[in-house]
Structure formats: structure tokens, C-alpha cells
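Following: one structure in C-alpha cells, then a few remarks.
Just so we're clear, the structure is a prediction, and the values are computed from it rather than from any experiment. Order of the sequence lines sets the chain letters (A, B, ...), proteins ahead of strands, with each chain counted from 1.
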Protein chains: 2
Amino acid sequence: MATPTIRSVAELAGVSTATVSRALTHPEKLRPDTRRRVLEAVERLGFVPNRQAVDFRRQATKTVILLVRDITNPFYLDIYKGVEEFAFEAGYKVLMGDARYDDARIAHYVDMVRNKQADGLIVMTGWIPEALRQSLPPIVIALQMIADLDLPMVHIDNAAAARLAVEHLIGLGHTRIVNLTGPMHEMIDLERNRGYREALEAAGLPFDPALEIAGNFRLASGQAAMRDLLASGIPFSAIFSNSDEMAVGAITELHASGRRVPEDVSVVGFDDTVFASAVDPGLTTIRQPQHEIGRSAMRMLIGILEDRPAAPGRIELPVELMVRGTTAPAITAPARLRAQ
Amino acid sequence: MATPTIRSVAELAGVSTATVSRALTHPEKLRPDTRRRVLEAVERLGFVPNRQAVDFRRQATKTVILLVRDITNPFYLDIYKGVEEFAFEAGYKVLMGDARYDDARIAHYVDMVRNKQADGLIVMTGWIPEALRQSLPPIVIALQMIADLDLPMVHIDNAAAARLAVEHLIGLGHTRIVNLTGPMHEMIDLERNRGYREALEAAGLPFDPALEIAGNFRLASGQAAMRDLLASGIPFSAIFSNSDEMAVGAITELHASGRRVPEDVSVVGFDDTVFASAVDPGLTTIRQPQHEIGRSAMRMLIGILEDRPAAPGRIELPVELMVRGTTAPAITAPARLRAQ
DNA sequence: ATGAAAGCGCTAACAC
DNA sequence: GTGTTAGCGCTTTCAT
């Protein structure tokens, strides 16, 4: 038996298709008995409106693309959840988009809006190819600012977050604090480094370029950075890492060299991902509100799509310092000073 | 300027819309000069076919839903990647579906196929509500068998994988091996436990029910299980955990009690997720081919949707034992025997 | 309050 | 080889 259409319902109820449509979308416009008759027919046939036809007719897709830089990054997990959650509530669908640092893939997903496969995108790649920039579809940028592009955005204050982390270490008496950064190409990375320097300066601590080491946010790069630093013999008692993953890598390497965390070295991460709980003791880190970032980005995009008046241009969400087991007071005994 | 439609192209090229359609989908059916003329017009106007209209006309959506049990579980990360990757190659889109252990949400996503919002689903929930079972849309079950339901499926041999893990421990001389299980409701859990028992039996080792401890796959339950076991004083020298997360939780607790891994206790996990690399030393574990599971599930579903002849009913993918740092030979000295 | 009819943009018989 | 035409299933004017 073929799936019922609005026509079969109309015939069974003895009304026009227009009336069936009204019964379902503007029931108050119908006389109660007509409405009842139609709804009965709908029930009898098990009619469900064909969303594809509805959307086509309405020239909307009720679909948004969530475009991330690397779909396998655990950082996104709670963002996925927040995005899906708000979309679900609002009757929208979410398409998975994996950019893989590939301009062609980004272009592909952006084009899907032109093709009418989606109404807009949430972009978390930190990058939009030049070629696409002149005519962008409805878009919300999350997490990463994109230089020279003034688009709706949801983000955190990375510099302030970094200050929070470093002030925590300074408060524990640390004075030689490492900053494990990413490749320093991107805003988030640069901002975190700026916050690190500002905290140092505000505390009157000297800035030592030798304590800034670049990785690539991933675990192995944290290990490598630590290996180099340890080999160099440069003294330090704490690490502020621009990602949890590098922080975990650094801890692994510290352990391998016989050092203890936090007794010998304190470590603070960034993100509060699954890595933070996997490490023992729990990693002290900056918690980003991933779930809320996802929800806000989705809310914002839908606001733009549905042309709500108060759709704000920029949302800044608060971070939180999660003090766990990898930070402890610095050893101030002369023995340590001599070792330096 | 309005976006060009197939009609504007037809007018510019001086042909019918049918010819434009052919030029784009069956170019070999046109005379070269007509084709060239049309393609020129397409180029000039920057025409891109409206996929929504194409799909509507073709009565397909080129969309599949990836329905998982809990979208934030890091285990899915590489599955997401594999699914998105194959879909991308095949011209399909992937919708994110989060079941959250909620029948209503599962029903919602299954209904989206009836509504023509998607062509089919990949289901990784381990559960389909009774009410939906009589008329299921095109579907592929991944990872979890669903009892009483003979559906296309991609999975691993969980019992064999567990045997592999336990045989590794037995090979190292361990005789008192714990199995940290899930709630023992689900096939994957029961199968892994079966493999554990079979490996014991095959090696002529006694089976001790006190060594089977149920958690819920999450980290904290691994800690709790270990705390209880340690408190009970029951002797053991190795752990086979049905998930990486519980394995990591167990290790944390072992460390907290002053035990070393692998010197005092060997630990094997299951899944090879991000948790396995976060732990120090690296977790010995069973690697599931998540990426390939994702690709295969997608390939299989598309095969079904496009009615390919050779769409197989069931795919079993191989697992691999990743021997890393958390397993070592059992201490066989009399000292240890006495301690028991 | 309800119906008739147009049409969203495209494809695929079916003609010629 | 190309054009004509009839829809896909629905919503929404515009009449009545």
C-alpha cells in the first residue's frame, strides 16, 4: 500500500487538499467539525506530511551543517551534543561536515548551502578560503575568530582564560612557567599566549622566551616539547599548556624522566576534554563550555535564518578554572633555587 | 540578482530545460555543439542545480542518519570519520542523531526516514523500541547485535577479541585474571565475557565468579570496581576490562592504592579509544577498526538504498591486540604465591 | 470557511 | 537529438 499523500486524505475526508493542509498547520482557521473530519482521515490513513515536499515548497531545508576542522577531535564531543540538542528542539537537522584542513572540503560544504542542501553553517575550522569569502551563506563562526571577517560569532576570551590559568600557577608560588603553545598561526593560540605573557607581566615576573615552546596541540607534540626542554636543562617548575592533549603528553614525558606531577612540576591544560579525566591525578585545566557553545551557535544561526530581530552579532561565553590534581605549591626551598 | 534556474539557462542557450538537464546528467546524449552551448550558458550564469529540487523530483534525499547511543562517547570519533568519509565520496549527506538511551528520540530519528528527511539509517544504539520493529526503513546495524532482529549488520567478533586479550595475559603467566564487565545486558558485553571464560577454560584455568565485576563501561565505574576488589582482598594479578575507560579508571585506583601497572598488575582494555593513549604507559588493548566500521556501515547502507545486487547481509571486521605498556609477565616468585 | 489553481525546480517519458 | 509535457507533494494566494 502506497504511503498516503495529502490528496488521499482530502478524498477520504471529502475536502480539498488546501483544507487538509490548513487542518495540520493552521487548525484555528477551520470550522471545528471540518477539522475533526480531516484529522480523523489523517488518523485513519496514518498520514504524515512529506517533509521533503513541505520544505521544497517552503524553499527551506531546516538543515544546518556543522563544519569542524577534524571530526575526530574529542574536543568537539560536547559541542556535537549541544548543537544536536538545540537543533532537535527547534526542528532542525544537523549535517556532519569534516573539513580536514582541506579547502576543497570547506568549499564543498559551503556550496551545499547554495545547492539548497542546507540553510546555513556553523563553522569551527578557524579558516575560510579566500575564494569563498565574497559571498558567504548564513553562517556562524564558533571558537575561532577568523581574521578580517566580521561574522556572527560565539567564542570565549582566550587571553583572559590563559591569565586565569597562569595566575593560578603564580599564586602557588611558581615563577618559571612554561607555555606550551600550538603553531602560533591562529587567534586562539596567539591569544592564549598573550594571556600568559600578560599574567607574567602583571605579577612582575620576567618573561623568558626559552619557556615558550611550540607544539601542534596533539599529545605527541607535548611529549616532544617536554623532551627537548628537559634535555636543555632550562629550569622550570610549572607548565601552562594551550591544550589538554599536549598537557597529557608533557606529563607522560615528565614521568618517563622520573619527575612527579604535581610534586616536581605543576601542569595546567586547556579545554577540559576527556583527556583531563583520563590522567591521574585529574588534570587542572581551563574548562570551556562546549555544550553551551554548541547550543549558542545553533541558536544564533537559527535566529539569523528565521530573521529574528534580536539575533546578536557576538556571544562570549565564560570559562572556568578546574583545579584538580596536577597543580601544587612550588617548592621554595633553597635546594631548588640552587638547582636552577 | 536571483539565483539562476534551469529555465534561465535554457533561455540563454536557446534550448529547452530538458536539454539543459541532459547536458548536465547525460552529456553523451547531446550533439557536441548543443552541449557546448548549454555548458557555456551554465558557466555564464553560474548555474548550479538546486539539489533540493533534484532530490525531490527523484524521490530520494541522499541523506542518511547516523544514530548513536550517546553522541559524546569518544568511541564514535573514528566512526564518525569513516561514515562521513564514505558518504562524502558517494555524494551522500550524514545527519547526526543522538539517541540518549531514549526511545522517543530513537523513534523520532526513525520517523525521519518515513517523513522523507533521509533515505535510511545506521543504528548504533544496541536497541530498537518494540513499537518500531514491524516496519523498519532501510537500516544497517553497527557494533551491536540486536536480539531477535535479523538486519544487515557490521560488527566484530567480541568473544574472539576477548579471547585474544585474555590469552595474551595467560601467555604472560597470569592465572588470576579479573574481567571488568558492563551491566551484562547487552550482547557485546556478554560476548566479551564469554570469550574471557572460554580463554580461561581453554588454558585449564579455574573460573572464579569473584573475579567478574560489573561496571557500566565508564571511567568512574572502573575505579569503583577496583576499589571494591582491592578492599575485598581477593588476589589477582591482571585485569581484562570490557572498555578502555573502565581500564583507565581501574589503573587510577590501582595507583592510588600504591600498586604499579604493569609491575604489580597487568591491564588490558577494549576499543583502543583516545583513553588508551592518554594513559601512561600506553594501554594494552583490543583495537576495533572504528574507521572501517563506519565506512563499511555506510557502504552497506548505500548498497541497500541503491539496490545493488551484492549487498551482503553481514560484515565481520577483524580486531587487533595492541600490546603496549600496561601488560607484563606475572610475578611467579614464591613471595607472590604466599601473598595470595 | 473552503476550494481552485498555480507553482517551488527539476527530470524523464513520450513525441517528433 | 531535442522539445513538450506531466508531474514529485505540498502550501498559499485568490476567489467565492
Side-chain angles (χ1 to χ4, degrees), chain A residues 1-39 41-42 45-63 91 111-119, chain B residues 1-42 45-63 91 112-119:
Chain A
M1 184 176 82
T3 42
T5 68
I6 201 170
R7 270 189 59 192
S8 45
V9 176
E11 278 162 21
L12 180 60
V15 297
S16 73
T17 60
T19 300
V20 177
S21 178
R22 286 186 195 107
L24 265 13
T25 47
H26 312 286
E28 73 287 356
K29 293 191 171 180
L30 294 189
R31 258 202 341 249
D33 62 316
T34 324
R35 188 192 321 147
R36 193 189 42 70
R37 210 145 35 89
V38 173
L39 263 21
V42 166
L45 296 174
F47 170 70
V48 181
N50 179 327
R51 297 296 314 171
Q52 192 183 23
V54 172
D55 289 344
F56 176 51
R57 165 66 225 228
R58 293 211 173 121
Q59 299 284 76
T61 65
K62 289 282 190 174
T63 302
D111 279 341
M112 286 176 63
V113 181
R114 290 209 180 72
N115 298 345
K116 294 289 194 303
Q117 307 201 68
D119 297 335
Chain B
M1 183 176 82
T3 41
T5 69
I6 201 169
R7 269 190 59 193
S8 44
V9 175
E11 278 161 20
L12 180 61
V15 297
S16 73
T17 60
T19 299
V20 177
S21 178
R22 285 187 196 107
L24 265 14
T25 48
H26 312 284
E28 74 286 356
K29 292 192 171 179
L30 294 189
R31 258 205 337 250
D33 62 315
T34 324
R35 191 192 319 149
R36 193 186 42 69
R37 209 145 35 91
V38 172
L39 263 21
E40 244 171 54
V42 166
L45 295 174
F47 170 70
V48 181
N50 179 327
R51 295 296 315 171
Q52 192 182 25
V54 171
D55 289 344
F56 177 51
R57 164 66 225 227
R58 293 214 172 118
Q59 299 285 76
T61 64
K62 289 280 189 173
T63 301
M112 286 176 64
V113 181
R114 291 210 180 72
N115 297 345
K116 294 287 193 308
Q117 308 201 69
D119 297 334

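Considering only side-chain atoms of A:Val15, the nucleotide from D:dT11, C:dG3, D:dT12 that sits closest is C:dG3. For A:Ile6, counting side-chain heavy atoms from C-beta on, the closest listed nucleotide (D:dT11, D:dG3, C:dC10) is D:dT11. The B:Arg31 side chain lies nearest to D:dG1 when the options are D:dG1, D:dC10, D:dT13. When each of C:dA5, D:dT2, C:dG9 is scored by its nearest atom to the side-chain atoms of B:Thr34, the top-ranked nucleotide is D:dT2. The side chain of B:Arg22 has C:dA13 as its nearest neighbour among D:dT12, C:dT11, C:dA13.
Mapped onto DNA chain C by nearest heavy atom, B:Thr25 and A:Thr19 fall at different nucleotides, with A:Thr19 at the one closer to the 5' end. Comparing A:Gln59 and A:Gly14 along DNA chain C, the residue whose closest nucleotide (by nearest heavy atom) sits nearer the 5' end is A:Gly14. Between A:Thr5 and B:Leu30, the one whose closest nucleotide on DNA chain D sits nearer the 5' end is B:Leu30.
Residues A:Val38 and A:Ala23 come closest through the heavy atom pair CG1-CB, 3.5 Å.
A donor-acceptor contact under 3.5 Å is not formed by the side chain of B:Arg57 with the base of D:dG9.
Atom pair A:Gln52:CD and D:dC8:P shows a separation of 13 Å (rounding to whole Å applied). Here the C1' atom of nucleotide D:dG1 and the CD atom of B:Glu28 are 12 Å apart, to the nearest Å. Between the CZ atom of A:Arg58 and the C1' atom of D:dG9 there is a distance of 12 Å, rounded to whole Å.
Remark: the backbone N or O of B:Ala10 is not paired with any side-chain donor or acceptor of B:Thr17 at under 3.5 angstrom.
Atom-to-atom distance recorded for B:Leu12:CG and B:Arg37:CZ is 10.0 Å, nearest 0.5 angstrom.
At the phosphate of C:dA1, neither OP1 nor OP2 sits under 4.0 Å from any side-chain N or O atom of A:Arg35.
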Should A:Asp111 and A:Arg114 be marked as a salt bridge (charged side-chain N to carboxylate O under 4.0 Å, His left out) after you check the CA-CA gap, both sets of side-chain angles, and the distance that decides it? CA-CA 5 Å; A:Asp111 279 341; A:Arg114 290 209 180 72; 2.9 Å; yes
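The aromatic ring of A:Phe56 is not stacked on the base of D:dC8, since the criterion of ring centres less than 5.5 Å apart with planes inclined by under 30° is not met.
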